[in-house]
Amino acid sequence: MSPFLGEVIGTLILTLFGCGVVANVLLEKSKGQNGGWIVITMGWGFAVAFAVYVAGKYSGAHINPAVTIGLAAGGYFPWAQVPLYIAGQMLGAFLGAVLCYFTYKCHWEPTDDAGLKLAVFATGPAIPCTAENFLCEFIGTFFLVFILLGIGANEFTQGLNPLIVGFFIMAIGLSLGGPTGYAINPARDLGPRIAHAILPIPGKGSSDWGYSWIPVVAPICGGVAGALVYKAIVS
């Protein structure tokens, strides 16, 4: 498997299972409806873990442009490979969201709330405050990259590392996810948001493009800062 295909498949798994758990909790007549925030954070954590298990051997399983750009900025990854990785991540995120749409196809029409339908695909602020929302995504992704580098510096029993990363993603959601839904990943938000805009979802409403730049720009800035600060500390 090529690194490009690894990023496509890894990010597809991430968004299929991640968007899927949100759909399970939010959409009408789903068996998991009203499962709550704990279920959502666990679903995203395990989505990341199993994506890393599949793609890690082939691409390193960045599955996140903020991680790829942050690692490149810190000198841990070649800049020449960044466009290829981001292309794979965006494609995988879009395809995963499309598969989620088909999985829950019978549940879109019974769900009247257009905001819940968008939430399956993309993040949004609990309280719209541009500066604060940006800062929340920046902080979350700063520590995502900073701690991922720290985790990578440790030795674990073979095969345990992806599970540790999954629990770490769950910790971010539990602790920092409330204000914005913790995108901390431009592909995870933008790819599914594009899918939401394109797919024939009954009564879907706006894709909220006015907010969409925050879960793209803030995670990239936070990821770069996290890598640079980690490098400065450990050098």
Side-chain angles (χ1 to χ4, degrees), residues 11-51 63-64 89-130 132-133 136-137 140 166 169-170 172-216 218-219:
T11 317
L12 184 155
I13 292 169
L14 166 68
T15 54
L16 172 59
F17 284 86
C19 293
V21 72
V22 180
N24 194 20
V25 168
L26 297 185
L27 296 183
E28 288 291 335
K29 300 184 179 180
S30 168
K31 291 184 181 293
Q33 189 177 13
N34 299 319
W37 189 245
I38 299 296
V39 172
I40 289 175
T41 56
M42 288 184 67
W44 276 106
F46 286 125
V48 170
F50 291 112
I63 59 176
N64 183 342
Q89 293 154 3
M90 287 298 302
L91 177 59
F94 176 82
L95 293 176
V98 171
L99 290 176
C100 177
Y101 161 76
F102 283 111
T103 302
Y104 284 89
K105 195 171 189 301
C106 294
H107 296 267
W108 302 110
E109 192 166 356
T111 304
D112 293 326
D113 190 332
L116 295 182
K117 296 174 186 179
L118 176 59
V120 171
F121 295 90
T123 62
I127 301 174
C129 303
T130 300
E132 290 83 353
N133 299 154
C136 178
E137 288 291 333
I169 297 300
M170 184 180 174
I172 293 177
L174 289 172
S175 299
L176 306 177
T180 62
Y182 73 117
I184 58 172
N185 182 338
R188 167 267 173 275
D189 192 275
L190 183 56
R193 196 183 297 268
I194 293 171
H196 175 272
I198 293 173
L199 290 168
I201 303 168
K204 64 181 176 181
S206 168
S207 299
D208 195 11
W209 292 108
Y211 177 78
S212 65
W213 68 274
I214 290 179
V216 172

Suppose we screen for side chain to side chain donor-acceptor pair (under 3.5 Å). Which residues come up paired with [X], at least two apart in sequence or across chains?
X      : answer
Thr111 : none
Asn133 : none
Glu137 : Thr180

Of all the heavy-atom pairs spanning [X] and [Y], show the shortest one and how long it is.
X      : Y      : result
Gly203 : Ala114 : O-CB, 3.5 Å
Ala187 : Ala93  : O-CB, 3.2 Å
Thr15  : Ala97  : OG1-N, 3.8 Å
Ala126 : Gly178 : CB-O, 3.7 Å
Val25  : Gly35  : CG1-N, 3.7 Å
Ala47  : Leu14  : CB-O, 3.7 Å

Does a side-chain heavy-atom distance below 4.5 Å link [X] with [Y]?
X      : Y      : result
Phe121 : Leu199 : yes
Val216 : Asp189 : no
Leu174 : Ile38  : yes
Pro192 : Tyr101 : no

Does anything in residues 28-50 pair up under side-chain hydrogen bond (donor to acceptor under 3.5 Å, both in side chains), and if so which pairs, sequence neighbours excluded?
->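 Sorted result for residues 28-50: Asn24-Ser30, Glu28-Gln33.
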Which value, rounded to the nearest 0.5 Å, describes the distance between [X] atom [atom1] and [Y] atom [atom2]?
X      : Y      : atom1 : atom2 : answer
Cys136 : Ile127 : SG    : CD1   : 11.5 Å
Arg193 : Arg188 : CZ    : CZ    : 8.5 Å
Leu190 : Trp213 : CG    : CH2   : 14.0 Å
Asn64  : Ile184 : CG    : CD1   : 7.0 Å
Gln89  : Leu91  : CD    : CG    : 11.0 Å
Phe94  : Leu99  : CZ    : CG    : 10.0 Å

Partner residues of Tyr211 under the ring-ring contact (aromatic ring centres under 6.0 Å, His included) criterion, sequence neighbours left out =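 ring-ring contact (aromatic ring centres under 6.0 Å, His included) list for Tyr211, sorted by chain: empty.
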Residues in ring-ring contact (aromatic ring centres under 6.0 Å, His included) with Tyr104, at least two apart?
->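 By the ring-ring contact (aromatic ring centres under 6.0 Å, His included) rule, Tyr104 matches His107.
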Could you check Tyr182 against Leu176 for side chain to side chain contact (heavy atoms under 4.5 Å, CB included), going step by step and ending with a plain yes or no?
-> CA-CA 7 Å; Tyr182 73 117; Leu176 306 177; 5.8 Å; no
I'd like to know if the side chain of [X] and the backbone of [Y] have a donor-acceptor N/O pair within less than 3.5 Å.
X      : Y      : answer
Lys117 : His196 : no
Lys204 : Leu118 : no
Ser206 : Asp208 : yes

